[in-house]
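Take a look at the structure set out below.
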Protein chains: 2
Amino acid sequence: MLKYQKIYNDLKIQIQQGFYKSGDLLPSENELCNKYSITRTTSRKALDELLKEGFIEKKQGLGSVVIERRKSLGLLNVKGFSEAGGSNVKNIFLQKPVISEWSDQIIFHVSEEETHTDCIHFERLRCIGPDPVMVEYNWLANFELSSLIEKEFVDQSFFKTLSQQYLIEIIGSKHEIRAEFANKKIARLLKVDEKTPVLHISVMFITSKPGFNIYAELYCITEKYPVSNFYKI
Amino acid sequence: MLKYQKIYNDLKIQIQQGFYKSGDLLPSENELCNKYSITRTTSRKALDELLKEGFIEKKQGLGSVVIERRKSLGLLNVKGFSEAGGSNVKNIFLQKPVISEWSDQIIFHVSEEETHTDCIHFERLRCIGPDPVMVEYNWLANFELSSLIEKEFVDQSFFKTLSQQYLIEIIGSKHEIRAEFANKKIARLLKVDEKTPVLHISVMFITSKPGFNIYAELYCITEKYPVSNFYKI
DNA sequence: TAGTGGTCTAGACCACGGT
DNA sequence: CCGTGGTCTAGACCACTAG
């Protein structure tokens, strides 16, 4: 392994495992130089990777600060899920994680490596205050992830669980977005009439674990809580 | 100006103005060192900026290759606009660029600097083959952009025109996405019934020109051509 | 004032691509 | 084989932040 990758990995794991928390300062570039017997070019390269992936911010005169929210991942968020914060948001399991068949609801191509593996599936209804706003179906290959089935999610967050317990990060995504009529099941769950327009988002999340993707089909009502997205180079 | 910024700027302008075209090789890192009397650290830094912003790909053993398609900007695209390519896509002006009032259709906050300036507005109907798929309303402040009103767009592309004629790049975006019923005008333009679900996307494009944003309201039918998005770190 | 990150120099060796 | 980008060393000076 390259030197800068070693430093990068060590620091990333310490961030993911909570040794460095949001707001903490990482060791300075010179401290890393001493600790690993490298030059500043190399310690900077390691930190620049963390910067690029949105784990830290660098502040001249201060240091490298760990940040809470990963840099915009091009993910689509329901406006309100982040603003409303934890207290006002409820995630209700319609189906707790189980081993199941791969569904033909998934519109993206699932690789053979994945389909030859068990599928973990779960469904959630996500609410802001008293309002149900999104139905979420998820599928992923069971690449040594069986404990997802037994344990609770960290902070009710699937991505946080993957990051902290399996060191798997989301590094990309594909979306397809449609406006559709709610079908019977979705209409019932979201407490709207059939023939209400709903947003149907098909997502494939690409992860840092090669060949491992997460597939989701989302249905949202957007009248009160539109889906939003922010991206900056 | 810093040395690496000077090299970066020089190269970027040459790419934008077409001196280096898609597929071309930029001068090698060592050539830049000689030309500008700098070290490789500095020439690499300049090229890394171009890499980060999606102008080039670096290929070990070959060089820095100019690429056509800017790295995924987190932009939402109608699936089909890119695949179908130029020949099958039609852009019909419903309103050619004109000076107008700022509209209250814009849902994002428009800065005072912008509202104190004239607004340039245009509307397009975008079609794939015989199918109208999107109605597009656009607004932007007339920061010395009057010639947009007289001239044709480069390859019918507004962003290409901004890049090549004004050296303005899109560096970020905010979206809000809703599923709605088509109103009368949209239904007529998209040749669907009223009460058909349409995708309504509100966009604010952030540009490389400080304080200059582009605002758009888009209405899409997504049955045949869903809106898609790809993002990778 | 001491320590931080930002820029830059002047070298070196390596892996990879095309000829 | 030569030239390319990728990694790395060992320094230097600067601008900025905090105590």
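Chain identifiers are assigned alphabetically (A, B, ...) following the order of the sequence lines, protein sequences preceding nucleic acid strands; residue numbering begins at 1 within each chain.
When DNA chain C is scanned in the 5' to 3' direction for atoms under 4.0 Å from non-hydrogen atoms of chain B, the outermost contacting nucleotides are C/dT7 to C/dG17.
With hydrogens and angles left out, the side-chain atoms of B/E29 and B/S43 include no donor and acceptor closer than 3.5 Å. Side-chain contact check for A/E144 and A/N142: no donor-acceptor pair (N or O, by modelled atom type) lies under 3.5 Å. Checked by atom type, the side-chain pair A/E31/A/Y36 shows no donor-acceptor distance below 3.5 Å. Between the side chains of A/Y215 and A/Q105, no donor-acceptor pair of N or O atoms lies under 3.5 Å.
Taking each heavy atom of A/L26 and A/I56 in turn, the nearest pair found is CD1-CG2, 3.7 Å.
Remark: of the listed residues A/W139, A/F158, A/Y137, A/F158 is the sole one forming a ring-ring contact (aromatic ring centres under 6.0 Å, His included) with A/F122.
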Quiz prompt | Nucleic acid footprint by protein, nucleotides 14-19 of chain D - heavy-atom cut-off 4.0 Å, B for base, S for sugar-phosphate alone | solution = -BBBS-
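Within the 4.5 Å cutoff, no side-chain heavy atoms of A/M204 are placed close to those of A/V110.
Within residues 38-49 of chain B, the residues approaching DNA chain C are B/I38, B/T39, B/R40, B/T41, B/T42, B/K45, by heavy-atom distance under 4.0 Å.
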Exercise. Check the pair A/R178 / A/E176 against salt bridge (charged side-chain N to carboxylate O under 4.0 Å, His left out), numbers first and verdict last.
Key: CA-CA 7 Å; A/R178 295 172 173 80; A/E176 285 202 14; 3.0 Å; yes
Exercise. Would you please test B/K224 and B/D131 for side chain to side chain contact (heavy atoms under 4.5 Å, CB included) and show each step?
Key: CA-CA 9 Å; B/K224 279 175 80 170; B/D131 307 318; 2.8 Å; yes
Quiz item: Hey, mind stepping through B/L47 and B/L11 against side chain to side chain contact (heavy atoms under 4.5 Å, CB included) and telling me if it holds?
Solution: CA-CA 9 Å; B/L47 290 171; B/L11 291 172; 3.9 Å; yes
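Heavy-atom nearest nucleotides on DNA chain D were determined for B/E29 and for A/K3, and the one closer to the 5' end corresponds to B/E29.
Base pairing of D/dG19: no nucleotide in any strand meets the Watson-Crick or G-U wobble criterion (both distances under 3.5 Å).
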